[in-house]
Amino acid sequence: PFLSVWHFPRDPCSHFDGSRLTFAGLADVLDDASSLGGTGSNLAKVQFFEDLFCRLMDNSDSGSSQLKSALKLLTGRLKPAQNGFQLNVDKAAILDAVGLIDADAPKKITKELQTGESDDLGTAIARCLDFPEVAAEPWLLENVCEQLLDLGALSGTGSQAKRSEKVADMIRRSTSREVVYLVRLMLGTGPRVGIKEGSLFKALASALHSRKPCKGTAADAKALQKGLTQSFAVNPDIDSFVDGLGGVVAGEAEGEASVSAFTPSSPMAASPA
């Protein structure tokens, strides 16, 4: 039966390295979200990510940074689209990188995909390469974003070889669960856990609405969701978007004014931050 209120099925502390969410933790979260299906599953996933966003914002030291990184990875928007930023990584480039790790692996991976034993490239790599159960050095979300941005910045003579080596280094550093989502991020397919960007904004709006001093009616929460979505459509820059939320991310009093900037003053108009 569908549970109207969903909570993490694992110990929440296992997702974090101290006070910060690790990439392994995010992979666990995405695995758990992907497992939700059937009637009411979209609502359950919204509640699931609302819980995640609340926990990220509860950290006054790194809440803003962690929220930015989580949104970038969940939406695949490392930089605003108008900046022309691209990772320039395709299936062939990833297979080249895998070949630097294990010369026989690309053939095994190709066969896995052809036979349908794996449903995507990341899953096939996780099955065909040896990975540690726990990474020697945990990746924080900010680390993953930085590495992906560095990857996208490679250009000019010799950049293809440098890109293959960079991808190989990132794969080597990953666990079997991390590499699934890492490859999806590189290919620009998103996490593929059955939640759309609009539902992520609904979860974020609910998380913000639940925090003092921003509590109000259900209509207020719906208006906040619409305002957040419209504001991001006007300026799809996650860094400035989260900065516009102001003190509410750290639970500060001035957050009330900051969030009100995202709330439409009428049903047809929003006031972007």
Side-chain angles (χ1 to χ4, degrees), residues 20-27 30 62 65-110 112-113 118 120-132 135-192 197 235-243:
R20 289 174 175 263
L21 180 67
T22 64
F23 189 46
L26 181 62
L30 294 172
S62 61
S65 173
Q66 288 261 283
L67 182 59
K68 288 176 182 178
S69 297
L71 286 172
K72 288 175 182 178
L73 297 176
L74 290 171
T75 62
R77 297 174 181 264
L78 295 170
K79 281 191 174 184
Q82 61 264 35
N83 286 4
F85 176 81
Q86 293 183 336
L87 289 176
N88 295 315
V89 175
D90 57 13
K91 177 182 175 182
I94 292 176
L95 287 176
D96 285 345
V98 168
L100 297 176
I101 302 171
D102 181 343
D104 295 327
K107 289 183 180 179
K108 296 177 184 177
I109 291 166
T110 300
E112 284 258 338
L113 294 171
S118 296
D120 73 354
L121 183 57
T123 303
I125 292 173
R127 285 168 56 91
C128 293
L129 291 180
D130 293 326
F131 292 93
E137 183 181 355
W139 292 53
L140 297 179
L141 301 189
E142 295 92 330
N143 300 149
V144 180
C145 288
E146 289 168 2
Q147 291 293 314
L148 290 171
L149 289 171
D150 288 346
L151 181 61
L154 294 173
S155 62
T157 304
S159 60
Q160 184 172 347
K162 292 177 182 177
R163 186 173 296 110
S164 294
E165 187 58 52
K166 179 77 172 175
V167 171
D169 286 344
M170 294 177 74
I171 290 174
R172 289 189 189 99
R173 185 176 172 179
S174 303
T175 65
S176 60
R177 293 314 306 152
E178 288 174 324
V179 80
V180 171
Y181 296 106
L182 179 65
V183 170
R184 290 176 184 176
L185 287 167
M186 289 179 178
L187 293 176
T189 63
R192 292 182 56 195
E197 190 171 277
N235 180 25
D237 182 332
I238 286 174
D239 287 330
S240 62
F241 174 78
V242 173
D243 287 340

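With sequence neighbours left out, the salt bridge (Lys or Arg N to Asp or Glu O under 4.0 Å) criterion links Arg192 to Asp120. A search for side chain to side chain donor-acceptor pair (under 3.5 Å) contacts involving Asp150 returns nothing, not counting sequence neighbours. Annotation: side-chain contact (heavy atoms from CB on, under 4.5 Å) contacts of Ala70 (sequence neighbours excluded): Leu56, Leu141. Glu197 meets the side-chain contact (heavy atoms from CB on, under 4.5 Å) test with Thr75, Arg77, Phe201, Phe232; sequence neighbours excluded. With sequence neighbours excluded, no residue satisfies side chain to side chain donor-acceptor pair (under 3.5 Å) with Ser176. Judged as a side-chain contact (heavy atoms from CB on, under 4.5 Å), and not counting sequence neighbours, the contacts of Cys128 are Lys108, Ile109, Glu112. For Arg173, the side-chain contact (heavy atoms from CB on, under 4.5 Å) partners are Glu137, Trp139, Asn143, not counting sequence neighbours.
Residues Phe23 and Leu182 form a side-chain contact, since some pair of their non-hydrogen atoms from C-beta on lies under 4.5 Å apart. In this structure, the side chains of Phe131 and Ile171 come closer than 4.5 Å at one or more pairs of heavy atoms.
Atom NZ of residue Lys72 and atom NZ of residue Lys79 lie 9.0 Å apart, to the nearest 0.5 angstrom. For the atom pair Cys145 SG and Lys68 NZ, the distance stands at 11.5 Å (nearest 0.5 Å). We find the CZ-CG distance between Phe241 and Leu71 to be 7.0 Å, quoted to the nearest 0.5 Å. In this structure, CG in Leu187 is found 9.5 Å from CG in Leu87, a value given to the nearest 0.5 Å. Interatomic distance, CD of Glu142 versus CG of Leu73, reported as 9.5 Å (0.5 Å rounding).
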Test side chain to side chain contact (heavy atoms under 4.5 Å, CB included) on Leu74 and Leu30 and set out the steps. CA-CA 9 Å; Leu74 290 171; Leu30 294 172; 3.7 Å; yes
Run Leu113 and Leu121 through side chain to side chain contact (heavy atoms under 4.5 Å, CB included) and show every step you take. CA-CA 7 Å; Leu113 294 171; Leu121 183 57; 4.0 Å; yes
Taking distance alone, no hydrogens or angles, what donor-acceptor pairs closer than 3.5 Å link side-chain atoms of residues 89-105 to residues at least two apart or in another chain?
residue : atom : partner : partner atom : Å
Asp90   : OD1  : Ala92   : N            : 3.3
Asp90   : OD1  : Ala93   : N            : 2.9
Asp102  : OD1  : Asp104  : N            : 2.9

Pairs of donor and acceptor atoms involving the side chains of residues 155-169, under 3.5 Å and at least two apart or interchain, shall be tabulated with distances.
residue : atom : partner : partner atom : Å
Ser159  : OG   : Gly156  : O            : 2.8
Arg163  : NH2  : Leu154  : O            : 3.1
Ser164  : OG   : Gln160  : O            : 3.3
Glu165  : OE2  : Arg172  : NH1          : 3.3
Lys166  : NZ   : Gln147  : OE1          : 2.6
Asp169  : OD1  : Arg172  : NH1          : 2.7

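Remark: the backbone N or O of Thr189 is not paired with any side-chain donor or acceptor of Arg184 at under 3.5 angstrom. Side-chain atoms of Ser69 never come within 3.5 Å of backbone atoms of Gln66 as a donor-acceptor pair (strictly under, hydrogens ignored).
Scanning all heavy atoms of the two residues, the minimum distance from Thr22 to Pro138 falls at CG2-CB, 4.2 Å. The minimum heavy-atom distance linking Gly122 with Val179 is given by the pair O-CG1, 4.1 Å.
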